[in-house]
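Here's the structure we're looking at; comments come further down.
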Amino acid sequence: MLQYWLMKSEPDAFSIDDLKKQGASPWDGVRNYQARNFMKTMKVGDLVFFYHSSCQPAGIAGIAKVTRSAYPDFTCWDTKSAYYDPKSTKETPRWYMVDIDLVEKFSRIIPLSTLKQDPELANMLLVKKGSRLSVMPVQASEWQHILSSTRFYLTH
DNA sequence: GCCAACGTTGGC
DNA sequence: GCCAACGTTGGC
């Protein structure tokens with residue numbers, strides 16, 4: 001069963017254009033258990049809203065797909081990496097990542113403010129107060145609503 | 001296992 | 001750069 005997700009990245013660190021340039025890329029650096037657990041349940045083919053955070057405007061930049069299911073995040077073994085974690089060993093890895101590839105870059109960002117204004121998305125995790133998860137599930141109904149309600153906006 | 005202190009996220 | 005809302009750590 002196909003599942004939908006939303007993944008946040010600061011475009012200064014890794015943007016949707018970077019994904020387009022690089023092709024299938026590891027989503028490394030997640031150091032939050034809840035986000036990790038969500039990634040562990042991802043399957044190849046699952047679809048992902050690529051979200052730009054900590055920028056102007058913050059919002060959904062496009063769509064990606066999962067091209068490799070969860071495997072150990074190698075950046076936690078790299079002592080030079082900002083994501084280095086001595087508690088994660090090769091025998092018992094603590095952190096995992098998936099690979100994703102670009103499906104579609106939107107012609108414009110769908111701003112967070114737009115999503116927040118939409119009453120149909122009131123229950124979406126992303127717009128919930130205090131939601132800081134960098135990887136979160138998206139309901140199929142929310143996914144389809146966002147796409148159908150923004151198609152016009154995106155193509156004009 | 002509680003919880004205070006500290007660290008991080010991310011919109012604004 | 002502020003700060004609310006979380007998550008994590010570690011002493012007890």
Side-chain angles (χ1 to χ4, degrees), chain A residues 3-22 25-42 46-66 69-139 141-143 145-147 149-150 153-154:
Chain A
Q3 293 188 95
Y4 300 97
W5 306 95
L6 182 142
M7 296 168 93
K8 297 179 183 173
S9 181
E10 298 188 15
D12 286 348
F14 188 72
S15 71
I16 196 162
D17 288 325
D18 293 328
L19 181 63
K20 189 175 185 178
K21 268 181 246 157
Q22 291 182 26
S25 306
W27 196 266
D28 60 283
V30 170
R31 294 294 180 268
N32 171 282
Y33 290 102
Q34 231 185 319
R36 179 204 66 181
N37 293 343
F38 282 134
M39 282 201 296
K40 279 186 163 184
T41 72
M42 290 183 182
D46 280 3
L47 292 172
V48 179
F49 278 139
F50 194 113
Y51 182 92
H52 281 180
S53 66
S54 295
C55 60
Q56 199 52 243
I60 299 171
I63 298 172
K65 62 170 184 253
V66 176
S69 57
Y71 61 105
D73 182 336
F74 46 72
T75 62
C76 57
W77 301 322
D78 178 2
T79 52
K80 295 194 182 69
S81 169
Y83 301 124
Y84 174 63
D85 182 355
K87 290 174 184 166
S88 182
T89 64
K90 297 204 178 187
E91 291 71 32
T92 54
R94 175 174 295 197
W95 304 113
Y96 286 78
M97 58 190 178
V98 297
D99 288 355
I100 65 165
D101 201 356
L102 185 69
V103 171
E104 174 185 359
K105 180 192 171 184
F106 293 157
S107 56
R108 303 180 215 177
I109 299 274
I110 304 172
L112 177 62
S113 57
T114 301
L115 301 171
K116 279 185 170 172
Q117 283 164 19
D118 192 330
E120 296 221 29
L121 300 176
N123 289 320
M124 197 182 175
L125 276 177
L126 179 71
V127 307
K128 289 266 172 80
K129 188 176 165 189
S131 164
R132 305 185 316 178
L133 266 182
S134 62
V135 176
M136 64 179 80
V138 173
Q139 299 302 314
S141 57
E142 296 164 348
W143 179 277
H145 176 75
I146 289 169
L147 284 188
S149 66
T150 56
Y153 165 78
L154 289 171

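Below, chain A is the first sequence line, B the second, and so on; all start at residue 1.
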| query | Taking NZ from A/K129 and P from C/dA4, how many angstroms apart are they, rounded to a whole number? | reply | 10 Å
| Do the rings of A/F50 and A/H52 sit parallel, tilted or perpendicular, given the 30° and 60° boundaries? | perpendicular
| What about A/R132: does its side chain form a donor-acceptor pair under 3.5 Å with the base of B/dT8? | yes
| How long is the line joining CD of A/Q34 and P of C/dT8, in whole Å? | 9 Å
| said: From CE of A/M124 over to P of B/dG11, roughly how many Å is that when rounded to an integer? | reply: 13 Å
| message | Taking the minimum atom-to-atom distance to the side chain of A/L112, which one of B/dG11, C/dT8, C/dA5 wins? | response | B/dG11
| task | Write down the distance between CD (A/Q56) and P (B/dG10), rounded to a whole number of angstrom. | result | 16 Å
| What integer distance in Å separates A/D12:CG from B/dG11:P? | 13 Å
| task | Would you indicate, yes or no, if B/dT9 has its OP1 or OP2 atom less than 4.0 angstrom from a side-chain nitrogen or oxygen of A/Y51? | result | no
| query | Atom CG of A/L126 and atom C1' of B/dG10: how far apart are they, to the nearest Å? | reply | 11 Å
| said: B/dG10, OP1 or OP2 - any side-chain N/O from A/K8 closer than 4.0 Å? | reply: yes
| field | Exam field: side chain A/S54 to backbone A/E10, donor-acceptor pair closer than 3.5 Å | value | no
| Nearest to the side chain of A/S54, which nucleotide is it out of C/dA5, B/dG11, C/dT8? | B/dG11
| said: So does A/Q3 get a backbone contact from the side chain of A/D46, meaning a donor-acceptor N/O pair under 3.5 Å? | reply: yes
| message | In whole Å, I'd like the distance from the CZ atom of A/R94 to the C1' atom of C/dT9. | response | 11 Å
| query | Name the one of A/V66, A/L133, A/V98, A/V30 that satisfies side-chain contact (heavy atoms from CB on, under 4.5 Å) with A/M7? | reply | A/V98
